[in-house]
Amino acid sequence: SVRPPVKDEL
Amino acid sequence: MNIFRLLGDLAHLASIFILVHKMHTTRSCRGISFKTQALYVLVFLTRYIDLLYTWISLYNFVMKVFFISSSGYILYLMKYRFRPTHDPSLDTFKVEYLVGPCFVLALIFNYRFEVTEILWTFSIYLEAVAIFPQLFMMQRTGEAETITTHYLAALGAYRALYIPNWIYRYFTEGTVDPIAVVAGIVQTGLYLDFFYVYVTKVLQGQKFELPA
């Protein structure tokens, strides 16, 4: 299953 | 954090150090688009506004602060210290054609209709195309200093390395960020022409020259 994105990238 | 993302971030850091190094050693910002650099400041300010209300990690915090401050410093160098070496008549791409559509796209295609979310989305779209004024400038002059091509290669490699990172995260964490992925693929695609000349010419010891 695909979870919504977490904004931990730069 | 995986190896692709780490290498991508390191390439991004390297690109900034190369650019600052170029300006200091040649005491010039010749061949660098002020407009592209100004767009990066806008990208970082709109994306990293979450510094004000979110804590992710020390790594994340330090990198964000570094990208905001270094991009501001580059703008300062171009605008004040090495201003006489910048030729605005070569830097003629209209940034309105990038900022406007990116903002409209961010209003339409986003995860949530909230101010910070729209600013984040806008920064992702704008980053993808922010290199246009720089590429346009090189197209006009038909050449670039070798150090400038190293800067662009590192900058392009950064987002290219995020692509295997996203594939890796899909398989290990089950997360997909369609907005970042699509924009990142577009962004990397814009560098393909440049990468081709970089690998076949600059890395073979020749000067970066475009066919007339």
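In what follows, chains carry the letters A, B, and so on, assigned in the order in which the sequence lines appear, proteins first and then strands, with residues in each chain numbered from 1. Being a predicted model, the structure only gives us computed values, none of them experimental.
Each salt bridge (Lys or Arg N to Asp or Glu O under 4.0 Å) pair with one or both residues in residues 40-53 of chain B, not counting sequence neighbours, appears once here: R47(B)-E127(B), D50(B)-K64(B). Within the structure, side chain to side chain donor-acceptor pair (under 3.5 Å) contacts touching residues 34-44 of chain B (residues at least two apart or in different chains) are Q37(B)-Y151(B).
For F195(B), the ring pair (Phe, Tyr, Trp, His ring centres under 6.0 Å) partners two or more places apart in sequence, or in a different chain, are Y191(B).
Side-chain contact check for E9(A) versus N165(B): some heavy-atom pair is nearer than 4.5 Å.
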Exercise for review: Step by step, work out the side-chain contact (heavy atoms from CB on, under 4.5 Å) result for K7(A) and T54(B).
Suggested key: CA-CA 10 Å; K7(A) 292 188 174 52; T54(B) 312; over 6 Å; no
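Put simply, of W120(B), F67(B), Y59(B), the one with the most heavy-atom pairs under 4.5 Å next to chain A is W120(B).
Looking at W166(B), only its side chain comes within 4.5 Å of chain A, counting heavy atoms on both sides.
Within 6.0 Å of atom CZ in F136(B), more than 12 heavy atoms from other residues, nucleotides or ligands are found, so the atom counts as buried in its surroundings. Within a 6.0 Å radius of CG in D193(B), no more than 12 heavy atoms belonging to other residues, nucleotides or ligands are found. In this structure, F61(B) places its CZ atom where only 12 or fewer heavy-atom neighbours from other residues, nucleotides or ligands lie under 6.0 Å away. Atom OH of Y53(B) has more than 12 heavy atoms from other residues, nucleotides or ligands within 6.0 Å. For CZ of F109(B), the number of neighbouring non-hydrogen atoms (other residues, nucleotides, ligands) closer than 6.0 Å is 12 at most.
L10(A) approaches Y48(B) most closely through the heavy-atom pair C-OH, 3.2 Å. Here the closest heavy-atom approach between residue D8(A) and residue N60(B) is recorded as O-ND2, 3.2 Å.
Heavy-atom proximity under 4.5 angstrom to chain A picks out Y158(B), R159(B), Y162(B) from residues 154-163 of chain B.
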